[in-house]
Trainee: 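Before we start, here is the structure in question, set down as structure tokens.
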Protein chains: 2
Amino acid sequence: MSEVTLKKLADLLNLSISTVSRALKDHEDISAETKNRVKELALILDYEPNTYAVNLRNNFSREFAVIIPSIANDFYQSFISSLEKEARLNSYSLIILQSGDDPQTELECVKRCKQNRVAGIFVSITQKTTDISHFLKLAESHIPVVFFDKVPASGFCNKVCVDDISAARLSAETLILKKKKGILAIFGNEQLSITQKRLDAFKDTFSLHNYDARPDIYHTNSSAGAYHYTMEQLALPQQPDVIFCMSDEILIGVMRAVQTVGLRPPADIGILAISEGQIPTFYFPQITYVETSGFKLAKLAFSRMLGCLAGSTQVQELKTESIIVEGGSL
Amino acid sequence: MSEVTLKKLADLLNLSISTVSRALKDHEDISAETKNRVKELALILDYEPNTYAVNLRNNFSREFAVIIPSIANDFYQSFISSLEKEARLNSYSLIILQSGDDPQTELECVKRCKQNRVAGIFVSITQKTTDISHFLKLAESHIPVVFFDKVPASGFCNKVCVDDISAARLSAETLILKKKKGILAIFGNEQLSITQKRLDAFKDTFSLHNYDARPDIYHTNSSAGAYHYTMEQLALPQQPDVIFCMSDEILIGVMRAVQTVGLRPPADIGILAISEGQIPTFYFPQITYVETSGFKLAKLAFSRMLGCLAGSTQVQELKTESIIVEGGSL
DNA sequence: GTGAAAGCGCTAACAA
DNA sequence: TTGTTAGCGCTTTCAC
């Protein structure tokens, strides 16, 4: 059974191809009767326009690409889930590409996007991406790029981010409000700008409030690191009163240690995290956290993309607001 | 700056379009010198073939679609992560479509796939999908379909699944081997075939071994349900010795209850789950589980898809093997 | 070795 | 109101 094309419909109906095309598009100068005949047959034969031909002709597609280090991450998962829905409701499709956190692979992904003539690209760059010229060059091909989450430090480009500064500030203020004193704060990889932003805002907030206790700061790159360090600290005669976790990854390590030692929040120890929101629900009591939602960020990124496609040329830097979600761990 | 096309290269080099096309493809009857000239200029001008034109001409694309209820799920996440990688290494792209577990939306996704002339579709159907004729009809358009995980009960089609029966059997055998007696087994929605398969195999294994203890079976549809039921059971004078969780969702609820009451595995209570593998690492000690890996399933599904594209017409039902991963909870 | 030309399925300007 | 035609960028057959 061969493909149903406009030509086939036209032959069957003794009409020209263009009439059939226009009838299917409800073009005004086709008679109602012809429209009905055409549409009826199209329905019966299950006609679907050939996207390649349409795109080739119109020189434009309805596909967005998302380039991320890895989809196996709660944050990106919620981001993509939300983005796909927005896209689908706007008749766009979403192509997923994983860079594996490798700049070389990322470059190949960009090339692929260009080949596919995608309508736009959402990208969260790798930890090692410094040169973003291949992204900026996409402007020549009129492919808008919206950077999200992990965005380049410099460059005139569209960026949508979680507001790290307000998230960290909100965390610190929460601790101050609850008059917590022995604060252990565990942060991620010191090299990353996300860590620096959150750390600076966190520390500054204590200074600004002239608070009489200052947090102990520790850095680690992994869940395991957080686990081991927490184990050490919990073995000391002077245990911390509260542990602040900069990310879900760190929270997981800390909670394993807390469970290992048998401490029970909030009585034995307080826990506060910055989190995407899923992990905190796995524990009892659920962890109190400052939310950095992928869902919200996706909506922001998508509307920015539509803005670009609508012709907005100036670049924007947007941020999502943070809110605190009360569990029972503090 | 306009697009770089074959025509543009040809004009610039004073060659014909077809010569340029052939040169770029290393066609044998183009001279080495011409090839070099062409390739050099193509590189300089950053030429990329127009995928739409290529696909239109060849009537075939290098895009696969994945239709799933929702990407926000650890199992699908690992499946897609793995599938994307396989696809990329084979120069395919992956389009993600979420059905929202709604048959109507699923139907629209299929339509979209057809329009996009995708090279093949991977699909995990919704809980309510009964009519799969729209999938079977894709055969007419020569679009192979590989069902995975949630597959239709009937119909001649390609299916790759986690082996629920062997996973449940392995779980039961593990409990028997460890001579566990007071077994509480919590299963999911009784209506789902996955639940029935796992339940039947689980129970049968105890019978087959003439084991002198039989598990208490309970069904629930949610984490919260598992939590509440576990709380009830742990309040009884005769607490269970071990709790078996059919899925990650149930495990999360059970563990919240276990933590609430303050029991510590494995001394106070044993825990065994069937799991995708991430959740069990969040606890201490880590939960012992029978693995049902999305990664493995993706590899299986992908190779089946390649088989279809290579012309294999007969349908196959494939299953991944289960293995037990020892934590310290049993 | 290279070029000319047809055609993939569709849209839209122009004709009738 | 409907039809004719050119052309989007590419591949490939056939001719030179």
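Chain letters run A, B, ... following the sequence lines, proteins first and then strands; every chain starts at 1.
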Trainee: Can you tell me how far P of D:dT5 sits from NZ of A:Lys7, to the nearest Å?
Mentor: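 For the pair A:Lys7 NZ and D:dT5 P, the rounded distance is 14 Å.
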
Trainee: Go through the steps for A:Phe79 and A:Phe295 under the test ring-ring contact (aromatic ring centres under 6.0 Å, His included), then give the verdict.
Mentor: CA-CA 5 Å; A:Phe79 181 89; A:Phe295 286 100; 9.7 Å; no

Trainee: Can you pull every protein N or O that's under 3.5 Å from an N or O on nucleotides 12-16 of chain C?
Mentor:
residue, atom, partner, partner atom, Å
C:dA13, N6, A:Arg22, NH1, 3.4

Trainee: Given atom CG of A:Asn55 and atom P of D:dC10, what is their separation to the nearest angstrom?
Mentor: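 So the CG-P distance, A:Asn55 to D:dC10, works out to 15 Å.
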
Trainee: Quick one: closest heavy-atom pair of A:Arg88 and B:Thr105, and the distance?
Mentor: NH1-CG2, 3.4 Å

Trainee: Please name the pair of heavy atoms, one in B:Ala10 and one in B:Val20, separated by the smallest distance, quoted to 0.1 Å.
Mentor: CA-CG2, 3.7 Å

Trainee: How long is the line joining CZ of B:Phe60 and C1' of D:dC10, in whole Å?
Mentor: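 In whole Å, D:dC10 C1' and B:Phe60 CZ are 15 Å from each other.
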
Trainee: B:Asn36 has an atom CG; how far is it from atom P of C:dG1, in whole Å?
Mentor: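 Answer to the nearest Å: 14 Å.
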
Trainee: So which heavy atom on A:Ala23 is nearest to which on A:Lys39, and how close?
Mentor: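 It is O-CE, 3.7 Å.
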
Trainee: Quick one: closest heavy-atom pair of B:Ile67 and B:Cys109, and the distance?
Mentor: CD1-CB, 3.9 Å

Trainee: Starting at CG of B:Leu6 and ending at C1' of C:dG3, how long is that distance when rounded to a whole Å?
Mentor: 14 Å

Trainee: Using whole Å, report how far CG of B:Asn59 lies from P of C:dC10.
Mentor: 11 Å

Trainee: Under 4.0 Å between any heavy atoms, over every strand shown, what does B:Asp29 touch: base, sugar-phosphate, or nothing? Just pick one.
Mentor: base

Trainee: To the nearest Å, how far apart are B:Arg62 CZ and D:dC10 P?
Mentor: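 Atom CZ in B:Arg62 sits about 18 Å away from atom P in D:dC10.
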
Trainee: Would you say the rings of A:Phe122 and A:Phe64 are close, in the sense that their centroids are separated by under 6.0 Å?
Mentor: yes

Trainee: Which is more 5' along DNA chain C, the nucleotide nearest B:Ala53 or the one nearest B:Ser16? Just name the residue.
Mentor: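 Checking each residue's closest nucleotide, the 5'-ward one belongs to B:Ser16.
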
Trainee: What's the closest nucleotide to the A:Ile30 side chain, out of C:dG3, D:dT2, C:dC10?
Mentor: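 Out of C:dG3, D:dT2, C:dC10, the nucleotide with an atom closest to A:Ile30's side chain is D:dT2.
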
Trainee: For the side chain of B:Thr34, counting heavy atoms from C-beta on, which of C:dT2, C:dG9, D:dG3 is nearest?
Mentor: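 Out of C:dT2, C:dG9, D:dG3, the nucleotide with an atom closest to B:Thr34's side chain is C:dT2.
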
Trainee: What is the distance, to the nearest angstrom, from the CD atom on A:Glu28 to the C1' atom on D:dT2?
Mentor: 14 Å

Trainee: With a cut-off of less than 4.0 Å, is there a side-chain N or O of A:Thr19 near OP1 or OP2 of D:dT2?
Mentor: no

Trainee: Does C:dC10 have OP1 or OP2 sitting under 4.0 Å from an N or O in the side chain of A:Tyr47?
Mentor: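 It does, given that an N or O in the side chain of A:Tyr47 lies less than 4.0 Å from OP1 or OP2 of C:dC10.
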
Trainee: Is it true that, when you exclude B:Gln316 itself, more than 12 heavy atoms of the residues, nucleotides or ligands shown sit nearer than 6.0 Å to its CD?
Mentor: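 Atom CD in B:Gln316 is crowded, with more than 12 foreign heavy atoms closer than 6.0 Å.
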
